[in-house]
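Order of the sequence lines fixes the chain letters, A, B, ..., with proteins taken first and strands second; residue numbering starts at 1 for each chain.
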Amino acid sequence: DTAVSQTPKYLVTQMGNDKSIKCEQNLGHDTMYWYKQDSKKFLKIMFSYNNKELIINETVPNRFSPKSPDKAHLNLHINSLELGDSAVYFCASRGTGNTIYFGEGSWLTVV
Amino acid sequence: EDQVTQSPEALRLQEGESSSLNCSYTVSGLRGLFWYRQDPGKGPEFLFTLYSAGEEKEKERLKATLTKKESFLHITAPKPEDSATYLCAVQPSSGSARQLTFGSGTQLTVLP
């Protein structure tokens with residue numbers, strides 16, 4: 001049983017398109033995140049939601065819009081994709097002891 | 001601003017050759033230091049949390065230690081299945097959100 005699952009795992013799309021990545025966690029956690037991992041492996045937080053409410057919004061272009069229909073789901077919608085958006089996007093949730101549990105990642109390639 | 005620097009960037013070991021990975025950090029008060037393992041094509045997998053200087057945690061061939069400025073991940077008699085990227089992250093004790101700041105990782109390769 002996957003704890004944090006996200007789809008799709010791979011996404012290749014053209015510049016200017018709009019795409020979404022879906023995430024679900026079955027751990028019962030209240031807080032969920034979106035992280036971006038660049039080519040140098042740095043993981044940077046993009047958004048954090050607690051019980052469907054946005055609590056962190058780092059300096060991310062407003063083309064990125066998270067949506068949390070309930071506390072088990074946090075989706076990421078990206079408008080007008082650019083080449084620089086190519087990266088791996090990880091969904092995560094926070095458990096006891098502030099431990100973060102990550103999904104398997106979504107590899108986005110913009111061509 | 002919180003910073004995490006990991007060294008070396010890459011490390012190749014022979015099976016059974018013990019070594020250590022370093023994580024140096026600056027943070028405005030440390031709430032916790034986390035170690036993760038990341039396999040290619042996968043998300044980071046939680047290994048340890050350390051909360052105060054002098055603390056140690058062990059799991060199989062891995063032992064994590066913490067001082068006021070750095071953490072070490074010691075790998076004893078590694079096996080090829082220990083090959084992965086090891087990520088370190090710090091969580092500050094202050095700030096409204098206390099989100100993690102990650103280092104760029106050490107890519108460990110253990111040769112049979």
Sub-4.5 Å side-chain heavy-atom contact between Phe90(A) and Pro44(B) = yes
task = Could you tell me the separation between the CG atom of Leu100(B) and the CG atom of Asn98(A), rounded to the nearest 0.5 Å?
result = 7.5 Å
inquiry  = A quick test of your reading: do over 12 heavy atoms of other residues, nucleotides or ligands sit less than 6.0 Å from NZ of Lys22(A)?
reply    = no
query = Considering residues, nucleotides and ligands other than Lys57(B), do more than 12 of their heavy atoms fall under 6.0 Å from its NZ?
reply = yes
key: Between CD on residue Gln99(B) and OG1 on residue Thr31(A), distance to nearest 0.5 Å   = 12.0 Å
ask   = For Glu53(A), does the CD atom sit with more than 12 other heavy atoms under 6.0 Å from it, leaving out its own atoms?
value = no
task = Sorted by first residue and then second, give each side-chain hydrogen bond (donor to acceptor under 3.5 Å, both in side chains) pair with at least one member in residues 10-20 of chain B; sequence neighbours left out.
result = Ser20(B)-His74(B)
ask   = Between Thr99(A) and chain B, which part of the residue has a heavy atom less than 4.5 Å away: side chain, backbone, both or neither?
value = both
inquiry  = At a 4.5 Å cut-off on heavy atoms, which part of Gln37(A) comes close to chain B: side chain, backbone, both, or neither?
reply    = side chain
request  = Just do the side-chain contact (heavy atoms from CB on, under 4.5 Å) check on Val4(B) and Phe42(A) with the steps written out, would you?
outcome  = CA-CA 10 Å; Val4(B) 178; Phe42(A) 275 108; over 6 Å; no
key: Heavy-atom contact with chain B under 4.5 Å, split by part of Leu43(A)   = both
ask   = Which bit of Lys9(A) comes within less than 4.5 Å of chain B, counting heavy atoms only: side chain, backbone, both or neither?
value = side chain
ask   = Is it true that Ile78(A) and Tyr35(A) fall in one hydrophobic cluster, defined by side-chain heavy atoms closer than 4.5 Å?
value = no
remark   = Of the listed Gly41(B), Gly32(B), Gly103(B), Gly105(B), the one with the largest count of heavy-atom pairs under 4.5 Å with chain A is Gly41(B)
query = Side chain, backbone, both or neither: which part of Ser104(B) has a non-hydrogen atom closer than 4.5 Å to chain A?
reply = both
inquiry  = What part of Gln107(B) gets within 4.5 angstrom of chain A, counting heavy atoms only: side chain, backbone, both, or neither?
reply    = neither
ask   = Is there a chain of hydrophobic side chains (I, L, V, M, F, W, Y, each step under 4.5 Å between heavy atoms) that links Tyr51(B) to Trp35(B)?
value = no
request  = Give a yes or no answer on whether the side chain of Lys41(A) reaches the backbone of Leu87(B) with a donor-acceptor pair at less than 3.5 Å.
outcome  = no
task = Using the rule that two of Ile, Leu, Val, Met, Phe, Trp, Tyr join whenever any of their side-chain heavy atoms come within less than 4.5 Å, decide whether Tyr36(B) and Met46(A) are in one cluster.
result = no
query = Should Phe48(B) and Leu108(B) be regarded as members of a common hydrophobic cluster, given that ILVMFWY residues are connected when their side-chain heavy atoms come within less than 4.5 Å of each other, either directly or indirectly?
reply = yes
